[in-house]
Number of protein chains: 2
Amino acid sequence: MKVLEELTGTGQALSHTELEATFSKVDRITLYRVLKDFEEAGIVHKIIGPDGVTRFAVCRHNCPDETHTEDHVHFNCTNCHKVFCLEHTHNPDLRLPTGFKVSGIQILVQGICKHCS
Amino acid sequence: MKVLEELTGTGQALSHTELEATFSKVDRITLYRVLKDFEEAGIVHKIIGPDGVTRFAVCRHNCPDETHTEDHVHFNCTNCHKVFCLEHTHNPDLRLPTGFKVSGIQILVQGICKHCS
DNA sequence: CTTTAAATGCAACCTTGTTGCATTTAAAGT
DNA sequence: ACTTTAAATGCAACAAGGTTGCATTTAAAG
Ligand SMILES: [Mn+2]
Ligand SMILES: [Mn+2]
Ligand SMILES: [Zn+2]
Ligand SMILES: [Zn+2]
């Protein structure tokens, strides 16, 4: 519950390492399990950025458990290194070469975030 | 050189694990170093997918060393699990919320590839 | 108050990737 | 052809991130 509060409170996606620092009393394995459970329950979603860092963010766009569509852009600030869910910036339609059938899109934008600019 | 031939020959992005299987005689550390050197030389580019797997692909769009812009979409087949560079499918322009300044975009599309469909 | 299940912690292990150092291999110089 | 020098390779060791099995705590039901 405390972990969920932290994820809900902060406006960003947090890595296991960051959460571990916040909850230093909690064992790292417990933290892994909590995050895994949240993910499987559809409460949070996992974002693995182009940097390879895994982060977690709460699902805000009241997505039903079934269609757990992750239809928004993520932003990675090159200054503060934070990752934000841009919930209102939806994935664009892409025209791919013939033969390729799209089922999902993951977009991660790099740049300077609102707070750093 | 053999590694570069392999990367050039195959139409996909290959992971270290895959290359290790192909070049079983070569030590895995040597392979890591070769790939790192290629990347720093701007000969190949590294792609870390939403699955967290790191893959390497040759740069084909004769990009100059300076502006090593990675301006194309990557495709991850959910059937054969291969990753392709869609060199001719360029990144779209995105409208982000005010305050966010874009410097780069990474797009990874999931679906069924040309060969699997 | 007792029974039972869930949550936690610990140890051990795996994968991916890096670094230091000794050894091979190959390129230059004489 | 022989020596010198540098680059490339292999090995050991290590570190970060993550998973699994098992014993123990904690808390929920009965
Ligand atoms: Mn998100
Ligand atoms: Mn590419
Ligand atoms: Zn920032
Ligand atoms: Zn395929």
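Here is how names work: the chains are called A, B, and so on, in the same order as the sequence lines, proteins then strands, and each is numbered from 1.
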For this session: May I ask you to evaluate whether Thr17(A) reaches the phosphate of dA16(D), defined as a side-chain N or O under 4.0 Å from OP1 or OP2?
Result: no
Problem set entry | Val109(A): which of Val102(B), Asn91(B), Ile107(B) passes side-chain contact (heavy atoms from CB on, under 4.5 Å) | Val102(B)
Problem set entry | Complementary nucleotide of dA12(D), counting Watson-Crick and G-U pairs under 3.5 Å | dT19(C)
Exercise. What is the distance, rounded to the nearest whole Å, between atom CE of Met1(A) and atom C1' of dA27(D)?
Worked result: 15 Å
Exercise. Under 4.0 Å between a side-chain N/O of Thr54(B) and OP1 or OP2 of dG17(C), yes or no?
Worked result: yes
Problem set entry | Atom pair distance, as rounded to whole Å: CG in Leu31(A) and P in dG17(D) | 12 Å
Exercise. Do any side-chain nitrogens or oxygens of Tyr32(A) fall under 4.0 Å of OP1 or OP2 in dT19(D)?
Worked result: no
Exercise. In whole Å, what is the span from the CG atom of Asp51(A) to the P atom of dG17(C)?
Worked result: 13 Å
Exercise. Is Thr30(B) near enough to dA8(D) that one of its side-chain N or O atoms lies under 4.0 angstrom from OP1 or OP2?
Worked result: no
For this session: Respond yes when some side-chain nitrogen or oxygen of Lys36(B) is under 4.0 Å from OP1 or OP2 of dT19(C), and no when none is.
Result: yes
Exercise. Rounded to whole angstrom units, what separation is found between the CZ atom of Arg28(B) and the P atom of dC11(D)?
Worked result: 11 Å
For this session: Go ahead and name the base partner of dT25(D); Watson-Crick or wobble counts if both distances stay under 3.5 Å, otherwise write none.
Result: dA6(C)
Exercise. Hey, what do you get for CG (Asn79(A)) to NZ (Lys101(B)), rounding to the nearest 0.5 Å?
Worked result: 10.5 Å
Problem set entry | Val34(A) vs Ile29(A), nearer the 5' end of DNA chain C by closest nucleotide | Val34(A)
For this session: Return the orientation label for the His115(A) and Phe84(A) ring planes: parallel under 30°, perpendicular over 60°, tilted otherwise.
Result: tilted
Problem set entry | Protein-nucleotide distance (Lys25(A), atom NZ; dG9(C), atom P), rounded to Å | 11 Å
Problem set entry | Nearest-Å distance for atom pair CD/P, residues Glu20(A) and dG9(C) | 12 Å
Exercise. Can you tell me how far P of dT18(C) sits from CG of Asp37(B), to the nearest Å?
Worked result: 11 Å
Seminar exercise, completed: Any strand, both distances under 3.5 Å, Watson-Crick or G-U wobble: dG18(D) pairs with dC13(C)
Problem set entry | Between His88(A) and His90(A), ring centroids under 6.0 Å | no
Exercise. Can you tell me the Watson-Crick or wobble partner of dG30(D), both distances under 3.5 angstrom?
Worked result: dC1(C)
Exercise. Expressed in angstrom and rounded to an integer, what is the separation of Arg33(A) atom CZ from dC22(D) atom C1'?
Worked result: 10 Å
Problem set entry | CA sep, side-chain torsions, deciding dist, call: Phe100(A), Phe75(B), ring-ring contact (aromatic ring centres under 6.0 Å, His included) | CA-CA 9 Å; Phe100(A) 290 90; Phe75(B) 190 91; 4.8 Å; yes
